[in-house]
Peer 1: 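The structure's right below; bear with me while I get my questions together.
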Amino acid sequence: PEKMSEKACNITEFVGTGIGDAIGLVIANVDYQLHEKMNIDKKYRSIGILGARTGAGPEIMAIDEAVKATNTEVLSVELARDTKGGAGHGSLIIIGSEDVSDARRAIEVALETLNQTNGDVYSNEAGHLEFQYTARASFAIEKAFGAPVGKSFGLICAGPAAIGVVLADTAVKAANVEVVGYASPGNGGTAHSNEVILTITGDSGAVRQAVIAAREIGLKLLGSMGADPVSVTKPYI
Amino acid sequence: PEKMSEKACNITEFVGTGIGDAIGLVIANVDYQLHEKMNIDKKYRSIGILGARTGAGPEIMAIDEAVKATNTEVLSVELARDTKGGAGHGSLIIIGSEDVSDARRAIEVALETLNQTNGDVYSNEAGHLEFQYTARASFAIEKAFGAPVGKSFGLICAGPAAIGVVLADTAVKAANVEVVGYASPGNGGTAHSNEVILTITGDSGAVRQAVIAAREIGLKLLGSMGADPVSVTKPYI
Amino acid sequence: PEKMSEKACNITEFVGTGIGDAIGLVIANVDYQLHEKMNIDKKYRSIGILGARTGAGPEIMAIDEAVKATNTEVLSVELARDTKGGAGHGSLIIIGSEDVSDARRAIEVALETLNQTNGDVYSNEAGHLEFQYTARASFAIEKAFGAPVGKSFGLICAGPAAIGVVLADTAVKAANVEVVGYASPGNGGTAHSNEVILTITGDSGAVRQAVIAAREIGLKLLGSMGADPVSVTKPYI
């Protein structure tokens, strides 16, 4: 909504809005009391903030690209049990920098990248699927998922969670990949969402192959519960 | 949606769909990496999966019947904070078997049983009520609620949670029953849902009487907040 | 919905309904088994119950006024991850009294007060904002937020949580106030909602000034994501 964003241009902290009810913000000099309550290292005078009602994976991937491209660091990644009545997560991601212009630039990059990282998010009336892939994970992926920096990374996610179990099995059988994590509604890895999330690492060709194999099955299984799932933007993997 | 289910018949893992955005799946040979991440005993080569966006109680009761009727075991019951914007839970239930045909049969039984176990789920625009009763609890009820196997079991649930407090009091006063558990939004027994869930055991006549007494009051209290609550399918208790 | 409330007048426990899908109830003599499971001190024979699908802050503030005006005590405040698909919380609040007439009067006061305490709750299609202020906090605020009794108290809240971070910074910079707490989706202070909640205390003029400064920025930032946010009832701060 371009027109809406113009309305808020007069707030210094405002950077922009994005797909999935996302908003990007910066604070040039975080108040010292808040600094402490947020557990942020004192050396980061400035912070960038990316939050969304609908989505966490796309935001983490977008910030991952942003921190590669700017002089910033990922300070925290928090998941909300949201998505406006959907089965998944909203998100709150904080990055730090010494200079606010760096934080602002990173948030700008992330907001622009959201169109791509929502490309392999598919949904219908019964649920959603999410797939992510990068040849080289950076610090947002490490912070959020514990995946190794510099290596290929893939994410396979589905809600209802039952579908995610089968996709996880499909992915690990499709190629020689290593499981980084397996999160399910009750196991602490998610904010009680109705998702199973598998994260994998390994050779980039294998990771991509595993993700694509899971996507193929996922579209059919979620499709069995309702309409054909459609991409939020445009598939990129 | 019969037509939809046909669409997915070509996926080996697909068993069927059910009421409450439920899906039933099987995996014949769980991948060894996933086996470990899911904390499943190695002796279960095959698993059955029942998941739903809207509902946990009906799914647990349905799996309880399924494990009575088949050579399977309940491995895990996880609750999601879901129901598509409702006050309650979605679910992810995993059962294990040595042979995939047993897991498949159990999931088929469970999907068929969902129509009955959704019979005393009532809802309106303000919230929902759920009541369950069985003369003989089996291993899904034990796993999910800690109730004794082989004894009568009753469940009384309402969202908003405030109504559930009164229903809990109504139930325990209506008959000589023993409280198995009392779960509320902040006490860890629920995935932060807006429900109070009371589980009871005892003489089967008393348990049934307690559940029916709570149901009568629940329909009036939830009705005070909106339209008359209606059963999702057809009352069975 | 007056007509609806009349429908339920014949249930002894029913007190009334309120804005935000709230319901008020009492139990004159809590069953001894339930008493124990709910961890309620034996000296409170009677309890009052205020629960809501949509809202926790307004309910806590309303109960705070109610316990000032009646001979009751706040026993528990629990948050649900609810709001009917919104970014925030539902609630379950239990108060205790020796005589049921006191509990009933308190719940009546609270239900009446909900119109005021929803006055600075604003929402649009992207999210919501909530602001609360009192010159003198009482025991519900202490129980829920750990704020000092008898002192001025302010609450600043926004969902998506990203906006709440900026509002928290705005508030503490606007006046000389002391931070009581800062809650965010993943830090345990919320039931995985998509909110940041800042609570403050201090001189009453300063607290009010901080809340008003945050409200001004909040309306613009949330407005950048959609329509102009509107009050649920009528602003009171």
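Per chain, numbering begins at 1; letters A, B, ... match sequence-line order.
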Peer 1: Quick one: are A:Met38 and C:Val165 in side-chain contact, heavy atoms under 4.5 Å?
Peer 2: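 When only atoms from C-beta onward are counted, C:Val165 and A:Met38 do touch, with a gap below 4.5 Å.
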
Peer 1: Shortest non-hydrogen contact from A:Gly90 to C:Asn194?
Peer 2: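 Scanning both residues completely, I find the closest heavy atoms to be CA-ND2, 3.8 Å.
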
Peer 1: Once rounded to the nearest 0.5 Å, what's the spacing between atom CD of A:Glu13 and atom OG1 of C:Thr170?
Peer 2: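 Nearest 0.5 Å value for the CD-OG1 distance: 5.5 Å.
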
Peer 1: At what distance, to the nearest 0.5 angstrom, does OG1 of C:Thr83 lie from NZ of A:Lys84?
Peer 2: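 So the OG1 of C:Thr83 and the NZ of A:Lys84 are separated by 11.5 Å.
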
Peer 1: For the side-chain contact (heavy atoms from CB on, under 4.5 Å) test, which of C:Val179, C:Asp169, C:Ile200 pairs with A:Gln33?
Peer 2: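 Of C:Val179, C:Asp169, C:Ile200, side-chain contact (heavy atoms from CB on, under 4.5 Å) with A:Gln33 is met by C:Val179 alone.
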
Peer 1: Do you know the tightest heavy-atom contact between C:Gly127 and A:Arg53?
Peer 2: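 Here C:Gly127 and A:Arg53 meet closest at CA-NH1, 3.8 Å.
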
Peer 1: How long is the straight-line distance from CE of C:Met225 back to CZ of A:Phe14, given to the nearest 0.5 Å?
Peer 2: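 Between A:Phe14 CZ and C:Met225 CE, I get 8.5 Å after rounding to 0.5 Å.
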
Peer 1: Measure the NE2-NE2 distance between C:His192 and A:His192 for me, rounded to the nearest 0.5 Å.
Peer 2: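 That separation rounds to 4.0 Å.
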
Peer 1: Enumerate by number any residue of residues 21-30 of chain A whose heavy atoms lie under 4.5 Å from heavy atoms of chain C; in the absence of such residues, state 'none'.
Peer 2: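 Only A:Asp21, A:Ala22, A:Ile23, A:Leu25, A:Ile27, A:Asn29, A:Val30 of residues 21-30 of chain A have a heavy atom under 4.5 Å from chain C.
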
Peer 1: Please state whether the side chain, the backbone, both or neither of A:Leu79 comes within less than 4.5 Å of a heavy atom of chain C.
Peer 2: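 Backbone only.
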
Peer 1: Is it the side chain or the backbone of C:Ser193 that comes within 4.5 Å of chain A heavy atoms, both, or neither?
Peer 2: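 It is the backbone, since no side chain atom gets that close.
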
Peer 1: Of all heavy-atom pairs between C:Ser184 and A:Glu78, which one has the smallest distance, and what is that distance?
Peer 2: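 Minimum heavy-atom separation between C:Ser184 and A:Glu78: OG-OE1, 2.7 Å.
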
Peer 1: Counting only heavy atoms not in A:Asp99, do more than 12 sit closer than 6.0 Å to its CG atom?
Peer 2: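 Enclosed: over 12 neighbouring heavy atoms sit under 6.0 Å from CG of A:Asp99.
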
Peer 1: Taking all non-hydrogen atoms of both residues, which atom of A:Lys37 and which atom of C:Val180 are closest, and how far apart?
Peer 2: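 Smallest heavy-atom distance, with atoms named: NZ-O, 3.8 Å.
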
Peer 1: Just checking A:Tyr236: does its OH atom have more than 12 heavy atoms from other residues, nucleotides or ligands closer to it than 6.0 angstrom?
Peer 2: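 Enclosed.
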
Peer 1: Between C:Pro185, C:Gly186, C:Ala191, who has the most heavy-atom pairs with chain A when the cutoff is under 4.5 Å?
Peer 2: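 Among C:Pro185, C:Gly186, C:Ala191, the one with the most close pairs to chain A is C:Pro185.
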
Peer 1: Which pair of non-hydrogen atoms, one from A:Asp82 and one from C:Gly86, has the smallest distance, and what is that distance?
Peer 2: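 Result for this residue pair: OD1-O, 3.7 Å.
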
Peer 1: Just verifying a value: how many Å separate C:Ser224 OG and A:Asn10 CG, rounded to the nearest 0.5 Å?
Peer 2: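 Result: 10.5 Å between the selected atoms.
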
Peer 1: A:Ile93 versus chain C, heavy atoms under 4.5 Å apart: side chain, backbone, both or neither?
Peer 2: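 It is neither, since no heavy atom gets under 4.5 Å.
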
Peer 1: Which pair of heavy atoms, one from A:Leu50 and one from C:Ala162, lies closest together, and at what distance?
Peer 2: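 In this case the closest contact between A:Leu50 and C:Ala162 is C-CB, 4.5 Å.
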
